[in-house]
Amino acid sequence: MDSQQEGLTRREALKRGAAVGGAMLWASPVVQTIGMSRAAAAATSPVETNLSFIALLAVCDGVTHFIKYEIDEAAWESSPGNTPGCVLPAYDQKSHGGTLGFSASAVDSDGCVTIGIPGSCTVVWSAIKCATNCYASNQNQKGGSIRFCCP
């Protein structure tokens, strides 16, 4: 029997099926995101940032430590390497920031990272790499936190 005699061609049936299937696919994500918390939504949508790394010189117990946080890896370097485009002042040793008690937030909605400083340490110098530019500054922050953002 010919499908055109019944009033519906194969092409029309496929178009209607695709339209119904497409509507179902479109509706599904909307329903899933309605009950999502802000934290969960932020976790699934990484924020873009030009921030590449944060380099710090911190005096802890009389020793000046060079520590470096890599944004792309979301981790402290265990043996901090180069700081391309940034000139470091003198320091005593390279150290792992996490081992010293430093913490780092995830990239926030402004593309910034907040570094938590242990109470026993004072950050005396910092630099951030933003795209191809280095922004360095003298600091005198004992404990607390510093928020780093690209200009």
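Hydrogens, waters and symmetry mates play no part in the numbers below; they use all other heavy atoms, side chains included. Since this is a predicted model, take the numbers as computed values, not measurements.
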Side-chain touch Val124/Gln139, heavy atoms, less than 4.5 angstrom: no

Of all pairs that satisfy disulfide (SG to SG under 2.5 Å), the ones with a partner from residues 64-110, not counting sequence neighbours: Cys86-Cys134

Asp110 side chain vs Cys112 backbone, donor-acceptor pair below 3.5 Å: no

Nearest-0.5 Å distance that lies between atom CD1 in Ile71 and atom CD1 in Ile128: 9.0 Å

Distance in Å, Leu57 CG paired with Ser126 OG, rounded so as to fall on 0.5 Å steps: 9.0 Å

Same cluster (ILVMFWY, side-chain, under 4.5 Å), Leu88 and Val59: yes

Min side-chain heavy-atom separation Gln141-Ile117 under 4.5 Å: yes

Test item: Pro151 and Cys130 side chains (from C-beta on) under 4.5 Å apart, heavy atoms: yes

Any Leu51 side-chain heavy atom under 4.5 Å of Val113 side chain: yes

Ser78 side, atom OG; Lys94 side, atom NZ - distance, nearest 0.5 Å: 10.5 Å

Point-to-point distance, once rounded to the nearest 0.5 Å, from CD1 of Ile115 to OG of Ser145: 9.5 Å

Pairwise distance CD1(Ile146) to CG(Leu56) - rounded to 0.5 angstrom: 6.5 Å

Pairwise side-chain contact, Glu77 with Ile67, heavy-atom cut-off 4.5 Å (strictly under): no

Aromatic plane relationship, Tyr69 with Trp76 - under 30° parallel, 30 to 60° tilted, over 60° perpendicular: perpendicular

Backbone of Ser95 reached by a side-chain donor or acceptor of Gln93 within 3.5 Å: no

Check: Phe102 and Pro118 side chains under 4.5 Å, non-hydrogen atoms: yes

Cation over ring face, Lys129 and Phe53, 6.0 Å, 45°: no

ILVMFWY network linking Val123 to Phe66, side-chain heavy atoms under 4.5 angstrom: no

Asp92 side chain vs His65 backbone, donor-acceptor pair below 3.5 Å: no

Rounded distance (nearest 0.5 Å) linking atom CG of Asn50 with atom SG of Cys149: 11.5 Å

Evaluation steps, side-chain contact (heavy atoms from CB on, under 4.5 Å), between Asp108 and Arg147: CA-CA 10 Å; Asp108 67 19; Arg147 187 169 182 249; 2.8 Å; yes

Set of residues satisfying side chain to side chain donor-acceptor pair (under 3.5 Å) with respect to Thr99, sequence neighbours excluded: His96

